[in-house]
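Structure record follows, encoded as structure tokens.
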Amino acid sequence: MMSYKLSVILTALIIILFLPALAHAQLTPPQEFRAFDTPNDDGKSLSLTWKVSLENDREGVYYVISAAASADGPWYQIDKTLSTIGYKSDFPQYFGFGDDNKLWHFYEASKIPDVMDPITSTAYFRLAVTDGTKTVEFPNMVSFAPQGNWFDKSKINILIFVIIFSSLILFFISLARRNPNLFIRHIPGLDAIEETIGRATEMGRPILYLNGLLDMSSLSTIASTSILGKVARKVANYDSQIKVPCYDPIVMSVCQEVVKEAYAEAGRPDAFKQDNIFFITNDQFAYAAAVDGLIVRHKPAANLYMGYYYAESLLIAETGAATGAMQIAGTDSITQLPFFITTCDYTLMGEELYAASAYLSREPLQLGSLKGQDISKAFIIFVLIIGTIVSTAESLFFIHLFKTF
Amino acid sequence: MIKRQIPLMIAFVMGILFIIQFFVPHQLSQDLLTGVNKWLMIIGGISLLLGINSLVHFHYVQIKRETPGWGFSLVMFLCFGLALVAGFLPSIVMWFVEPAKAGAEPVKWLSFIPLIPPFEPGSTLFWIFRNGISPFMATMFSMIGFFIASAAFRAFRARSLEATLLLIAAVIIMLGQTPIGQMLWQGIPDIMVWIFSVPNTAAKRAIWFGITMGTIAFSLRIIFGIERAYLGGTDQK
Amino acid sequence: MTKEQRFTVTRWIIFGLVALALIIPIVYNKYIKLPDTSSRVVKNIYDHIESLPEGSSIIMSIDFDPSSDEELRPMVMALLWHAFKKNLRVIGMTIWDAAAGGTLIDIFTTVAKEAKKQDGVDYAIMPFKPGSSAIILMLSQDIFAAYPQDYKKAETRDMPVFKGVKSIRDMKFAMCVSAGQAVDIWIVYGKEKGKMPLGAGCTGVMATDYYPYLQSKQLLGLMGGLGAAAQYEVLIDKRGTATDSMKPQTVVHALIIVLIIIGNIIYFINRQKT
């Protein structure tokens, strides 16, 4: 009797102890398998989701996804993914940051090899779970047709900030139209341009102007060509000479046009020499060597380096300093700023390069945009302070708000 | 008038269009972006001809006028010619050799030219790259070491409190980057990492904010035609 | 002597001193002994590679041209040697065309020969493909779509080195050594989509750009310039080019500090005079 009771208790204990293991050894059909159009895409993939399962999601178990172009098949296995990876929460760009995203598996199907690559029309899917020995399938197949989306909802935060900042800047531009007397702080580097041109004229030496190493699609190059226009006009007024060696042929063509127009506006179109604006090469160090050669041979009275630079900045600016030229640099290349600061008389840092054109023209509308830019910066500082407080309080809200995809 | 209005109109339409394009994932929008990028590549390729024209003209004038350093212009023409020959010759020779292959009779007098496509190992252009361009580039880059010593000697002066702070930071970084920092005091590398991670990062982020806001403002000025000096001329009206 | 002449003379004296500070330690390299150094950011990379089990897959993106070769090659060689010593499987790639032949292939084949590793089994070299960010995005989805063939035009799918690997998500580590924008691209696209631990190597002057990414844990570790490579050589106990090159670099750094001090003394004397 006693031994019978003992054996029952022992059996019960064994069952209790090994029950989780027995339960884990079981595979259950995946639950709530769904197919739908992948959000925020160009219409070339479908999304599949199914419920996370305690029984299935463990080491050694895989989900097998099969697809077909028609309900009757033929079926192709398109993937076999580990059951412990691939959740909706890994894709906040599609599903946001909700906690329940961790309860769903997610798979993005973009092709059925040899049949449809990428998926552009209705596709059919089956889902099974396997541990290598046993396979259990979701009873139904699912299907959907992908569609291209017209708005990427994951970029809504960017859109909101674009609207806020653009409105602020445009508001101050319109304000400047009504009240043109806007205060703007002095930028010594730009105030010195007139002096450098005067000095060059007195010395009878040319002015060297560089546009940086980026092409015409870069804002720093556009800003640089704008400043060139203003400098060239002053050069034309003083009857001095400007030399512009270029790194990019398109930038060269634009610079030729800009300088030509500036000379025409100054009433001295005859003094314009197209040969002074020329292409060298688009190889970084060969360009630096050629510019150094120019500086050493022609000994310009002033060197103006406006635009984006890389490691060649010091090679050029130090050679310029050695010839005793007055040097003004303006760049948004943060890593090269220290080199320009140590070798040039004046350096425009970052946004000052973009502001230079507005500053030199003193045109109210342009100055208005600078005002708007400053107010936007004040707004960013305010958001930074709030964000620091909120994040210190361990809230993820602000981090999610500024997350970009 | 038209010469200015049409480019301004293009800048406005394309500016607005590509702001919208950024938010539209649809295939049409992607095709538009790909198409414009292709055009940019085509224009870039064609513009190289402009560049070559300018380069050749500039150096021709230098030689003709015998301006100081005109000998370098001769070197330029020599290198230009060599690179051109090295790039094109294998293709031209292949053009002659290919039809002869059927008869299996190699063109002996051409055998000194390696028939390897340009820039692949073994080709003449690859040889020029490895033995000419590479050492030249490395030499130019290493000159920075000499120049930085001269620039540091001149610029790092304790003129003001800010300049002194900059000077101290520079010395700590230079010491921290080499074993002598640790030899002098164990804490120097840690201070170096702190300077990199805290004050340096803070300053960089501030500059980045400024650059980003400047980018938005400058782009809007271009899109709305307020900034038009890049089209030539200086008057905004 | 005019101001300009004084400037030129001083400059040439400095150039001469720098030349001596470089040449003497190079010639008498073996007589100079420097203490070993280590930094946490470099050791993080070493510790991670050390912790990986044998046979794990890692990817290395080599993105620098010949101008930065002297500074960055020792770093890649040390990292690669460590990975081979640990019997890891290494995929080599580049998103910079100038790094494709002379740099990527050369470094991999040299180190692999020394470590007696076999192409296609222990390592594989991918050909250059344009599109930088697009390539890395593709790697996070399907590595065989990005690189169906290696640089010798062999099918990657059939290679033992790719066994069990479908994308960079299956990689245990990614390391980008770059002299340009490649590290930024790897952080934005590779780390974000691939989720694997990412390390970065760059030139000394660029290192300051990447410290914020260490704070945000987007980078596991950072190797900046020759100094970091020398530290790594000490960690793997295989002293080579970086350790040797640190000697002239250390002397030049010391010289620059001395020059700055002399410059300031001259400045203060002149200021007192005026």
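A note on names: the letters A, B, ... follow the listed sequences, proteins ahead of strands, and every chain is numbered from 1. Here the structure is a predicted model, which is why all the values come from computation and not from measurement.
- The shortest distance between side-chain heavy atoms of B/Pro179 and C/Thr250 falls below 4.5 Å.
- With a threshold of 4.5 angstrom between heavy atoms, C/Glu70 does not approach chain B through any atom at all.
- Within the 4.5 angstrom heavy-atom criterion, no atom of C/Tyr210 approaches chain B.
- For C/Ala230, no part lies near chain B; criterion is any non-hydrogen pair under 4.5 Å.
- With a 4.5 Å cut-off on non-hydrogen atoms, C/Asp209 touches chain B through its backbone and its side chain both.
- B/Arg154 touches chain C through its side chain: at least one heavy atom from C-beta onward sits under 4.5 Å away, while N, CA, C and O do not.
- Of the two parts of B/Phe147, the backbone and the side chain both hold a non-hydrogen atom closer than 4.5 Å to a non-hydrogen atom of chain C.
- Taking 4.5 Å as the limit, every side-chain heavy atom of C/Ile257 sits out of range of all side-chain heavy atoms of B/Phe156.
- The minimum heavy-atom distance between B/Ala149 and C/Val18, with the atom names listed, is CB-CG2, 3.5 Å.
- Both the backbone and the side chain of B/Leu175 come within contact range of chain C, each with at least one heavy atom under 4.5 Å from a heavy atom of that chain.
- Neither the backbone nor the side chain of C/Leu17 comes within contact range of chain B, judged by heavy atoms closer than 4.5 Å.
- Two residues are said to be in side-chain contact when any heavy atoms from C-beta on lie closer than 4.5 Å; C/Glu71 and B/Phe141 meet this criterion.
- When the shell of 6.0 Å around CZ of B/Phe136 is examined, it contains 12 or fewer heavy atoms from other residues, nucleotides or ligands.
- Around the CG atom of B/Asn131, the shell of radius 6.0 Å holds more than 12 heavy atoms that belong to other residues, nucleotides or ligands.
- Heavy atoms of other residues, nucleotides or ligands lying less than 6.0 angstrom from CZ of B/Phe72 number 12 at most.
- Interface remark: C/Leu259 contributes backbone and side-chain atoms alike to the contact with chain B (heavy atom separation under 4.5 Å).
- The shortest side-chain heavy-atom distance between C/Tyr211 and B/Ile195 does not fall under the 4.5 Å cut-off.
- Residues C/Asn264 and B/Leu167 have side chains in contact (heavy-atom distance under 4.5 Å, counting atoms from C-beta outward).
- Between C/Gln215 and B/Ser197, the shortest heavy-atom distance links the atoms NE2-O, 3.1 Å.
- Between atom CD of residue B/Gln177 and atom OG of residue C/Ser39 there is a gap of 9.5 Å, rounded to the nearest 0.5 Å.
- With values rounded to the nearest 0.5 angstrom, C/Ile256 atom CD1 is found 6.0 Å from B/Met174 atom CE.
- Proximity to chain B involves both the backbone and the side chain of C/Thr208, based on heavy atoms less than 4.5 angstrom apart.
- Looking at B/Arg157, its side chain does come within 3.5 Å of a backbone N or O of C/Gly263 through a donor-acceptor pair.
- Rounding to the nearest 0.5 angstrom, the gap separating the CD1 atom in C/Ile260 from the CZ atom in B/Phe153 is 10.5 Å.
- Using a 4.5 Å cut-off between heavy atoms, C/Leu255 does not touch chain B at all.
- Residue C/Ala19 touches chain B through both its backbone and its side chain, counting heavy-atom pairs closer than 4.5 Å.
- Counting non-hydrogen atoms of other residues, nucleotides and ligands closer than 6.0 Å to NZ of B/Lys204 gives a total above 12.
- With a 4.5 angstrom heavy-atom cutoff, B/Gln182 touches chain C only via side-chain atoms.
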